[in-house]
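The next block holds one structure in the form of structure tokens; read it before the comments.
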Amino acid sequence: MDVVEALKIVKKALTIERYEHTERVVDTARKLANIYNEDMEKAEIAAALHDYAKYRDPNELKRWILREKGLPKDLLQYHHELWHGPVGAYLLRVEHDVTTTSILDAITYHTTGRANMTTLDKIIFLADYIEPGRNFPGLEEVRNEAWKDLDKGCYLALKNTIMFLMNKNQPIYPNTFQAYNDLNKRIKE
């Protein structure tokens with residue numbers, strides 16, 4: 001599979017606005033992959049496919065989480081917006097024979113992050129966060145840092161996300177805290 005085929009697959013699954021977002025994420029991921037010496041093809045494919053299950057019915061996502069052994073059941077205790085990454089990676093394996101673990105992991109963790117993120121994980125996480133169509137408080141600082149220091153960019157994005165959720169009195173998925181703590185430690189070293 002190449003990025004053209006990946007985009008064809010997601011175009012059928014997304015709204016026009018979300019597809020345009022996906023194209024911007026692909027472009028941003030390309031630029032980040034170039035800067036941080038990551039496999040360009042993997043970055044393009046993971047970026048193209050990252051929101052594959054975004055518009056699946058939450059009840060369908062919940063059924064997959066309950067049914068499949070490899071999907072974390074604790075996701076069900078958190079907002080359904082987090083479900084599309086892990087379920088999307090699973091469905092891409094089943095429905096489109098995507099088997100590259102690094103691509104599937106980057107899709108799985110693109111909303112939550114995780115401790116010990118790979119370079120590809122960080123690129124997809126950040127590309128989704130900083131793509132040019134986004135606009136929210138704190139974004140410019142993350143954008144500026146992303147091009148200089150991948151870890152610091154991810155750290156700032158995670159920090160913003162945690163603060164946003166705390167201010168809304170929302171629960172925060174443990175992977176997000178673990179990613180934040182891991183990057184905090186790496187930055188200090």
Side-chain angles (χ1 to χ4, degrees), residues 1-58 60-61 79-114 117-150 153-154 156-158 160-161 164 176 179:
M1 174 181 303
D2 63 12
V3 68
V4 173
E5 185 180 347
L7 286 169
K8 283 181 187 173
I9 288 168
V10 297
K11 191 168 193 175
K12 298 172 191 171
L14 303 176
T15 64
I16 293 168
E17 294 81 13
R18 184 54 57 164
Y19 182 75
E20 290 169 354
H21 156 77
T22 297
E23 289 180 315
R24 292 188 301 269
V25 173
V26 170
D27 186 55
T28 305
R30 280 185 188 119
K31 293 172 183 171
L32 290 169
N34 188 49
I35 291 170
Y36 297 109
N37 299 313
E38 183 54 66
D39 183 302
M40 185 69 67
E41 186 175 24
K42 286 181 181 177
E44 290 173 332
I45 293 168
L49 297 174
H50 81 282
D51 275 346
Y52 176 68
K54 180 83 171 173
Y55 292 105
R56 299 277 180 119
D57 184 280
E60 177 191 356
L61 299 177
H79 197 278
H80 65 82
E81 279 291 317
L82 300 182
W83 302 353
H84 75 278
V87 177
Y90 171 79
L91 292 174
L92 285 161
R93 197 172 334 121
V94 171
E95 297 174 358
H96 297 284
D97 200 32
V98 177
T99 58
T100 306
T101 302
S102 59
I103 291 172
L104 294 172
D105 283 349
I107 294 165
T108 296
Y109 300 107
H110 83 271
T111 56
T112 62
R114 64 173 170 167
M117 291 170 74
T118 66
T119 300
L120 183 60
D121 291 347
K122 293 173 193 173
I123 286 170
I124 302 309
F125 176 82
L126 260 187
D128 183 38
Y129 193 89
I130 68 168
E131 64 90 348
R134 301 267 199 200
N135 185 19
F136 48 84
L139 180 58
E140 281 310 309
E141 181 184 13
V142 177
R143 276 194 183 124
N144 291 335
E145 200 59 49
W147 307 111
K148 298 183 281 186
D149 184 328
L150 190 61
C154 287
L156 291 172
L158 288 159
N160 286 351
T161 299
F164 174 80
T176 304

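For T108 against A89, the heavy-atom pair with the smallest separation is OG1-CB, 3.2 Å. A pairwise comparison of heavy atoms in G153 and E145 identifies N-CG, 3.9 Å as the closest pair. When every heavy atom of A146 is checked against every heavy atom of I130, the shortest pair comes out as CB-CD1, 3.7 Å. Residues L91 and A53 come closest through the heavy atom pair CD1-CB, 4.5 Å. Of all non-hydrogen atoms in V25 and A127, the two that sit nearest each other are O-CB, 3.7 Å. Between E81 and T111, the closest heavy-atom pair is O-CG2, 4.5 Å.
Note: T28 OG1 to I124 CD1 = 10.0 Å, rounded to the nearest 0.5 Å. Note that CE of M1 and CD1 of I9 are 3.5 Å apart. Values are rounded to the nearest 0.5 Å. With rounding to the nearest 0.5 Å, the separation of CG in L61 from NE2 in H84 is 9.0 Å. To the nearest 0.5 Å, atoms CG (L158) and CZ (R114) are separated by 13.0 Å. Atoms OG1 and NZ, from T119 and K42 in turn, are 11.5 Å apart once rounded to the nearest 0.5 Å.
For R93, there are no side-chain hydrogen bond (donor to acceptor under 3.5 Å, both in side chains) partners at least two apart in sequence or on another chain. Residues that satisfy the side-chain hydrogen bond (donor to acceptor under 3.5 Å, both in side chains) test with K31, not counting sequence neighbours, are D27. Applying the side-chain hydrogen bond (donor to acceptor under 3.5 Å, both in side chains) rule to E140 yields the partners R143; only residues at least two apart in sequence or on another chain are considered. By the ring pair (Phe, Tyr, Trp, His ring centres under 6.0 Å) test, H80 is found to be paired with no residue, residues two or more places apart in sequence or in another chain being considered. For E95, the salt bridge (charged side-chain N to carboxylate O under 4.0 Å, His left out) test picks out R56, with sequence neighbours left out. For Y36, there are no ring pair (Phe, Tyr, Trp, His ring centres under 6.0 Å) partners two or more places apart in sequence or in a different chain. For Y109, there are no ring pair (Phe, Tyr, Trp, His ring centres under 6.0 Å) partners, not counting sequence neighbours. Shown here are the ring pair (Phe, Tyr, Trp, His ring centres under 6.0 Å) partners of Y129, two or more places apart in sequence or in another chain: F136. Residues passing the side-chain hydrogen bond (donor to acceptor under 3.5 Å, both in side chains) test with E131, sequence neighbours excluded: H21, R24.
Counting only heavy atoms from C-beta outward, the side chains of D39 and L120 never approach each other to under 4.5 Å. Between N160 and E141 there is no side-chain heavy-atom pair separated by less than 4.5 Å. Residues R134 and D128 meet the side-chain proximity criterion, which asks for heavy atoms closer than 4.5 Å. In this structure, the side chains of R30 and V3 come closer than 4.5 Å at one or more pairs of heavy atoms.
Under a cut-off of 6.0 angstrom, the local environment of OH in Y55 is crowded, with over 12 non-hydrogen atoms contributed by other residues, nucleotides or ligands. Annotation: E23, atom CD; neighbour count of heavy atoms from other residues, nucleotides and ligands within 6.0 Å is above 12.
The salt bridge (Lys or Arg N to Asp or Glu O under 4.0 Å) contacts involving residues 3-18 comprise R18-D51, where partners must be two or more places apart or lie in separate chains. Within the structure, ring pair (Phe, Tyr, Trp, His ring centres under 6.0 Å) contacts touching residues 1-20 (residues at least two apart or in different chains) do not occur.
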Just distance, no hydrogens or angles: give the donor-acceptor pairs under 3.5 Å from side chains in residues 97-106, sequence neighbours left out.
none

Evaluation steps, side chain to side chain contact (heavy atoms under 4.5 Å, CB included), between W147 and L32
CA-CA 7 Å; W147 307 111; L32 290 169; 3.4 Å; yes
Please walk me through it: do Y52 and I107 pass side chain to side chain contact (heavy atoms under 4.5 Å, CB included)?
CA-CA 9 Å; Y52 176 68; I107 294 165; over 6 Å; no
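For the pair T176 (side chain) and T112 (backbone), a donor-acceptor distance under 3.5 Å is present.
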